[in-house]
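Owing to the predicted nature of the structure, the values given are computational and were not obtained by experimental measurement. Index from 1, following the sequence.
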Amino acid sequence: AIAGCERTPQAPEEVTTDADTIQVTSSGLKSNALTDHSAMVQAGIGSNKTLFFPKGTYLINKHVIIKGVSNLKIHGEKGTIFTTPLNKIFEVTGNIKNLEIADIKFVSTRRDEKNDPEGLIFFANYGANDVMDGIKVTGCIFSNPETHANGIKLISEGSSSVIKNVIVSHNRFESIGRFGVEFQNHLYKPVVARFRDFEISNNYFFDVGTIQSGPAP
């Protein structure tokens, strides 16, 4: 788990759209900090898609589940914000092949001093044989200063599960209640490696661990 260090990231490559990109505004979704966008974002999740969110604020009152997909990209542009009163915005589960999340600011306004081991992006790899292969989170900003939750949390605890080929780069973790990035591999004995081939690089961590002063239970 990475609690915090300071490094100024290089600017990520600018995201461009193409003919295969779904402009979410074309399906009726408009940025509005007072309107719940959860159902419309959830409806866009699927394999072989690129969802592009133009700049604006999108309120998420029910976390979005990304389950059993392949070749999904979720992109924003400078000024794209997902905000929530919850402890998480995306929950990723099941068999995943090639998931990319880029250039979105994730903000939680939740206030809660209870232990909260999840994250704004939460990879919940609990299935006995589930494989998540090809995870990339880049150019994003994470902030949840009033809750114990993490910025990004990855759990791989199925008896033969694995999360591999993970890149977390060029992100900013600013005012995070718990960890910026946490990997968790518990429960089964003997302990085996359920994470492989991962890179955490060129990120910026500031004001991390603002609430949880002691170890998790």
Value for CD (E157) from CG (L154), rounded to nearest 0.5 Å, stands at 12.0 Å
Residues at least two apart in sequence or cross-chain that pass side chain to side chain donor-acceptor pair (under 3.5 Å) with N165, listed by chain then number, are D133
Across all chains, not counting sequence neighbours, the salt bridge (Lys or Arg N to Asp or Glu O under 4.0 Å) partners of D112 are R110
Between D36 and N61, the two heavy atoms sitting closest are OD1-N, 3.1 Å
Joint cluster assignment, L86 & Y58, ILVMFWY side-chain distance < 4.5 Å: no
With sequence neighbours left out, the residues meeting side chain to side chain donor-acceptor pair (under 3.5 Å) with S156 are N125, S161
Residues I152, V137; criterion side chain to side chain contact (heavy atoms under 4.5 Å, CB included); working and verdict = CA-CA 9 Å; I152 300 174; V137 181; 4.0 Å; yes
Closest heavy-atom pair, M132 versus T93, reported as atoms and distance to 0.1 Å, is CE-CA, 3.7 Å
Please tabulate, for the side chains in residues 63-74, all donor-acceptor contacts under 3.5 angstrom to protein atoms that are two or more places apart in sequence or on a different chain.
unit_1, atom_1, unit_2, atom_2, d
N71, OD1, N98, ND2, 3.1
N71, ND2, N48, OD1, 3.1

Check: Is it true that V131 and V92 fall in one hydrophobic cluster, defined by side-chain heavy atoms closer than 4.5 Å?
Finding: no
task: Determine, using ring centers only, whether F90 and F106 are less than 6.0 Å apart.
output: yes
Note to self: Would the distance check show the side chain of H170 and the main-chain N or O of T138 forming a donor-acceptor pair, the cut-off being under 3.5 Å?
What the structure shows: no
Worksheet item: Linking I/L/V/M/F/W/Y whenever any side-chain heavy atoms sit under 4.5 Å apart, do F198 and L99 land together?
Response: yes
In short, T147 meets S108 closest at the heavy-atom pair CG2-OG, 4.5 Å
Starting from I104, can I reach I45 by hopping between I/L/V/M/F/W/Y residues whose side chains sit under 4.5 Å apart? yes
Applying ring-ring contact (aromatic ring centres under 6.0 Å, His included) to F195 and not counting sequence neighbours gives F183
Considering only heavy atoms from C-beta outward, does the side chain of V166 approach that of V168 to under 4.5 Å?
yes
| side chain to side chain contact (heavy atoms under 4.5 Å, CB included) between D207 and I176, worked out | CA-CA 7 Å; D207 194 31; I176 301 291; over 6 Å; no
task = Decide yes or no for N150 and L120: does some side-chain heavy atom of the first lie under 4.5 Å from some side-chain heavy atom of the second?
result = no
Go through it in stages, so that I can follow the logic: the residues are Q184 and K153, the test is side chain to side chain contact (heavy atoms under 4.5 Å, CB included), and I'd like the CA-CA distance, side-chain angles, deciding distance and then a yes or no. CA-CA 8 Å; Q184 180 175 314; K153 174 67 172 278; 3.0 Å; yes
Interatomic distance, CD1@I96 vs CG@D130, rounded to 0.5 Å, equals 8.5 Å
Those residues at least two apart in sequence (or on a different chain) that pass side chain to side chain contact (heavy atoms under 4.5 Å, CB included) with R196 are V162, K164
Across all chains, not counting sequence neighbours, the ring-ring contact (aromatic ring centres under 6.0 Å, His included) partners of F173 are F142, F205
For N129 and N95, the nearest pair of non-hydrogen atoms, with its separation, is O-OD1, 4.0 Å
Residues at least two apart in sequence or cross-chain that pass side chain to side chain contact (heavy atoms under 4.5 Å, CB included) with E77, listed by chain then number, are F52, P54, K55, T80
| Given T83 and T109, is the side chain to side chain contact (heavy atoms under 4.5 Å, CB included) satisfied, shown in steps? | CA-CA 7 Å; T83 184; T109 59; 4.1 Å; yes
Those residues at least two apart in sequence (or on a different chain) that pass side chain to side chain donor-acceptor pair (under 3.5 Å) with E199 are S201
*Check whether any side-chain heavy atom of I135 sits under 4.5 Å from a side-chain heavy atom of I167, and report yes or no.*
no
Checklist entry - Given side chains that start at C-beta, do those of H75 and E100 come closer than 4.5 Å, heavy atoms only? => result yes
On a heavy-atom basis, the closest approach of I89 and I60 is CG2-CG1, 4.2 Å
So CD1 of I141 and CG of N171: to nearest 0.5 Å the spacing works out to 9.0 Å
Members sharing V107's hydrophobic cluster, built from side-chain contacts under 4.5 Å between Ile, Leu, Val, Met, Phe, Trp and Tyr, are I81
Salt bridge (charged side-chain N to carboxylate O under 4.0 Å, His left out) pairs touching residues 87-96, sequence neighbours excluded, are K88-E91, K88-E118
Taken in chain and number order and not counting sequence neighbours, the residues that satisfy side chain to side chain contact (heavy atoms under 4.5 Å, CB included) with S143 are P145, S175
